[in-house]
Amino acid sequence: MDSAPDIEELIRKRTFAFPSPHLLSLSGLTRPDAEALLALADAFVGLNRRTEKKLSTLRGRTLVNLFFESSTRTQSSFELAAKRLGADTVNMSPRASSITKGETLIDTAVTLNAMKPDILVVRHSASGAAALLAQKVSCSVVNAGDGWHEHPTQALLDALTLNRALGKVEGLTISICGDVMHSRVARSNVGFLQLLGARVRLVGPPTLMPSGAEGWGCEVFHDLRKGIAGADVVMMLRLQMERMDGAFVPSTREYFRYWGLDAEALSHAAPGVRVMHPGPMNRGVEIDSGVADDPKVSLIQSQVEMGVAARMAVLASLAARLDNGTPVNG
Amino acid sequence: MAKLQPIAFVNARLVDPESGYDGPGALVVSDGVISDVARRPTYEGLSSEVRVIDCAGAMLAPGLVDLRVKTGEPGAEPKETLKSASRAAAAGGVTSIVIQPDTDPAIDDPAMVDFVLRRARDIDLVHVLAAGAATKGCLGERIAELGLMREAGAVYFTDADHSIADSRVLRRVLSYATGFGVAVAHRPADPYLSHGACATEGEMAARLGLPSTPAVAERIMLERDLALAEITGARLIVDQITTADALDSLNRAMDRGVKVCATASINHLHFNEIDIGDYRTFARLDPPLRAESDRQALIEGLLSGLVEVVTSAHTPAPAEDKRLPFAEAAPGGIGLETLLPALLALHHDRGAALPILMRAVTLAPARLIGLDAGRIAPGAVADLVLCHISAPVHIDAEKLLSKSKNSPFDGRRLQGQVLLTMVSGRIVHRAEP
């Protein structure tokens, strides 16, 4: 186990000023930036395993969690990350039903901005919502999921999980399976894992595959067993029931029959395959409990742990930029 | 009304879409009509009563006729009134505007048509005409009073942005309209495939995570509309054709002799789906912006005459309807003041001949609705625009005269400054020198 001062020293050395004032998408990152962020996150993993987890990197700074869509793990993960870095945190979950969604977004942003937060973490059901907010506020905005568009910290924590479990992402064949169309997790992961040198495949029924997906530089499969054949990593996506306004698949029963990941389906992947899932899982719909809970293959619990470290890395590097005095908008 | 002083325009570059003439010219306007046209720079020995305007080589053309203008009057006046739209039109060289019927309440009975025309008479700036609703409330269910609205002055019928899903209803509207000799405009967009969409299906929409509609949703509906026009013998206006596929369908139907005329919005001639890349809601339009190959096909269609009419698709939406996440923002953009310079981009960038371009915004729409406009000839109504076609203009939405500032051209640099707009012999707009 690392000794206390060593880890803090390592974190200090690895902390760098984030290249942009906001984290809206990972698509603007270069490979060196991505590696630096992952290295920093890796150091935070060590910190989080100690008893004394608290640093003062963000002391005096305020982080606001603005979640228009309900979330347990992402919101608490950001909150823990911020608290461990010494920030004050506020959680806000405006109920979308009570007010018109769009008005709430801008109005809430302007109101919050007047309270001078330093970092605003936002989740919203509309693609581009975080980008819109970023134009209206003078603090750093972190996208914690915008509609079907991006969920950048999820991709970061997934890459960190793979780094820790398999040593590196470079050269891995990774199959992202399920409801790709409605998945911001898929959109963030495709570009980021490719940036890190992975071969990414997309697997799902044609009705849940966006029609432009071939242009993402991925192989597209409509057969689960073929799509994961020889894969080193199988990343399952949640079947977003709440997003279905029509019948994209006939029934969850049929979905599990063809697209659900069980031990038999997984036997087509490469030996030593690892399984990931961003959570929350629909057991018996996209993933079988036997696979999800098998400690030899499942990285799902590890993903949750890495989530806190990845978010600490993001917050610390955004704060380093704020410390440099670089204005956010202007 | 006091008699107007005769005006002579000299040293103009005269562009007449009817004859195809594009060259030096001069003309005299008296009593609200063009009284003489000369294909030489100037007149000798004009009477001292005549006021002379030296055009210094600027383009003198018929004023624009815009078939597709929305306002918020009645029902949503803070968006745009007939007055603010008229002012914007005058500033953009547009001398006739046709108001869309999807107001609140809809222009679906003769009293509503009359209301718009009376308001227009009071404002007395540009010619304001009204399109009547094809179905009651633009709901696509029951035929509106087409005959009575025609008598009240409606120039064509349309449900504006709403596609009529029920083929039987559209068939009845088309057949019924033939009895009055009026054209019916219909938006070709399969309502089920387009439901909830704000972008065109493809790589761009997939990457941005936006709900999208396949481009074929347009062709599917257009094929049906063309078939119904064919069996009813009606005159069909294709409201805003945007895709290469649909243009192929249109071409085949025209070869078969279907009475159809397609319009294109200036937005789809100018922008493509890449323009939505940063979730800029001013580029959220209906129909959504298409692929570059579609835009190129549309330009080809316009230059070859397959697409006959270009409109501004002027759709005011206030900031509170646009400052929303992309999919939740109101679709549409204002365009009255940018129509002419944006159209001229096809002249500057593609070398398209001015009479051909100008025809699509003057003579062609005028003929479609039976309006005497779009000509430069003795006896024609003196609706004119004088435009310095190469003058650079930087579009600043805040400076536009519409009450709503949602211009997709905001921040763009175009060429073509409207120097003067004349309606029935009266100068209604003059640029600051």
Side-chain angles (χ1 to χ4, degrees), chain A residues 24-25 27-28 68-69 96 100-107 109-110 122-136 143 145-151 179-188 190-191 202 208-218 220 240 243-246, chain B residues 78 190-218 243 245 272-284 288-294 317-331 406 410-411:
Chain A
L24 303 176
S25 155
S27 62
F68 291 88
E69 272 188 340
T100 323
K101 279 178 274 175
E103 281 174 354
T104 319
L105 181 62
I106 294 281
D107 293 349
V110 171
V122 64
R123 168 170 289 190
H124 194 278
S125 60
S127 299
L132 180 66
L133 264 186
Q135 295 166 14
K136 307 291 175 196
N143 183 3
D146 62 328
W148 309 343
H149 179 226
E150 285 238 21
H151 189 357
D179 183 1
V180 176
M181 179 186 272
H182 301 101
S183 176
R184 52 192 171 219
V185 174
R187 282 179 180 77
S188 281
V190 165
L202 296 173
L208 293 175
M209 193 62 71
S211 71
E214 307 77 28
W216 295 353
C218 307
V220 174
Q240 305 268 19
R243 292 243 173 79
M244 302 283 160
D245 33 45
Chain B
D190 184 295
Y192 303 105
L193 283 172
S194 317
H195 182 75
C198 64
T200 303
E201 202 168 282
E203 198 273 331
M204 192 71 192
R207 193 161 59 73
L208 293 173
L210 293 172
S212 59
T213 172
V216 291
E218 180 169 291
T243 61
D245 255 5
N272 66 22
E273 61 187 352
I274 307 297
D275 291 296
I276 69 170
D278 51 2
Y279 295 107
R280 198 165 158 270
T281 57
F282 281 10
R284 160 118 163 75
L289 288 172
R290 306 298 193 185
E292 175 62 9
S293 54
D294 288 317
E320 61 267 28
D321 291 352
K322 280 289 189 185
R323 285 173 56 196
L324 293 174
F326 194 85
E328 294 170 10
N406 56 311
D410 185 28

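Keep in mind that the numbers below use all heavy atoms, side chains included, and drop hydrogens, waters and symmetry copies. Just so it is clear: chains get the letters A, B, ... in the order the sequence lines come, proteins before strands, and each one is counted from 1.
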Novice: Could you pull out the closest heavy-atom pair between A/Leu132 and B/Leu324, with the gap in Å?
Specialist: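 Between these two residues, the closest heavy atoms are CD2-C, 3.4 Å.
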Novice: Just by modelled atom types, is the B/Ala206 backbone N or O under 3.5 Å from a matching donor or acceptor in the A/Arg187 side chain?
Specialist: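 The answer is yes, because a donor-acceptor pair under 3.5 Å joins these two groups.
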Novice: Side chains of A/Ser127 and B/Leu208: does their closest heavy-atom pair fall under 4.5 Å?
Specialist: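 No; the side chains remain at least 4.5 Å from each other.
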Novice: Test A/His149 against B/Arg207 for side-chain contact (heavy atoms from CB on, under 4.5 Å), laying out the working first.
Specialist: CA-CA 7 Å; A/His149 179 226; B/Arg207 193 161 59 73; 5.9 Å; no
Novice: Please classify the contact of B/Pro214 with chain A as side chain, backbone, both or neither, using a heavy-atom distance under 4.5 Å.
Specialist: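 Contact with chain A is absent: no heavy atom of B/Pro214 under 4.5 Å.
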Novice: Can you see which heavy atom on A/Asp146 is nearest to which on B/Tyr279, and at what distance?
Specialist: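 Where A/Asp146 meets B/Tyr279 most closely, the heavy atoms are OD2-OH, 4.3 Å.
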Novice: Taking atom CD of B/Glu328 and atom NE2 of A/His124, what is their separation to the nearest 0.5 Å?
Specialist: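 NE2 of A/His124 is found 5.5 Å from CD of B/Glu328.
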Novice: Please confirm whether the backbone N or O of B/Glu201 pairs with a side-chain atom of A/Ser211, one donor and one acceptor, at under 3.5 Å?
Specialist: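 Checking the backbone N and O of B/Glu201 against the side chain of A/Ser211, no donor-acceptor pair under 3.5 Å is found.
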Novice: Would you check if A/Glu214 and B/Glu203 make a side-chain contact, meaning some heavy-atom pair closer than 4.5 Å?
Specialist: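 No, side chains not in contact.
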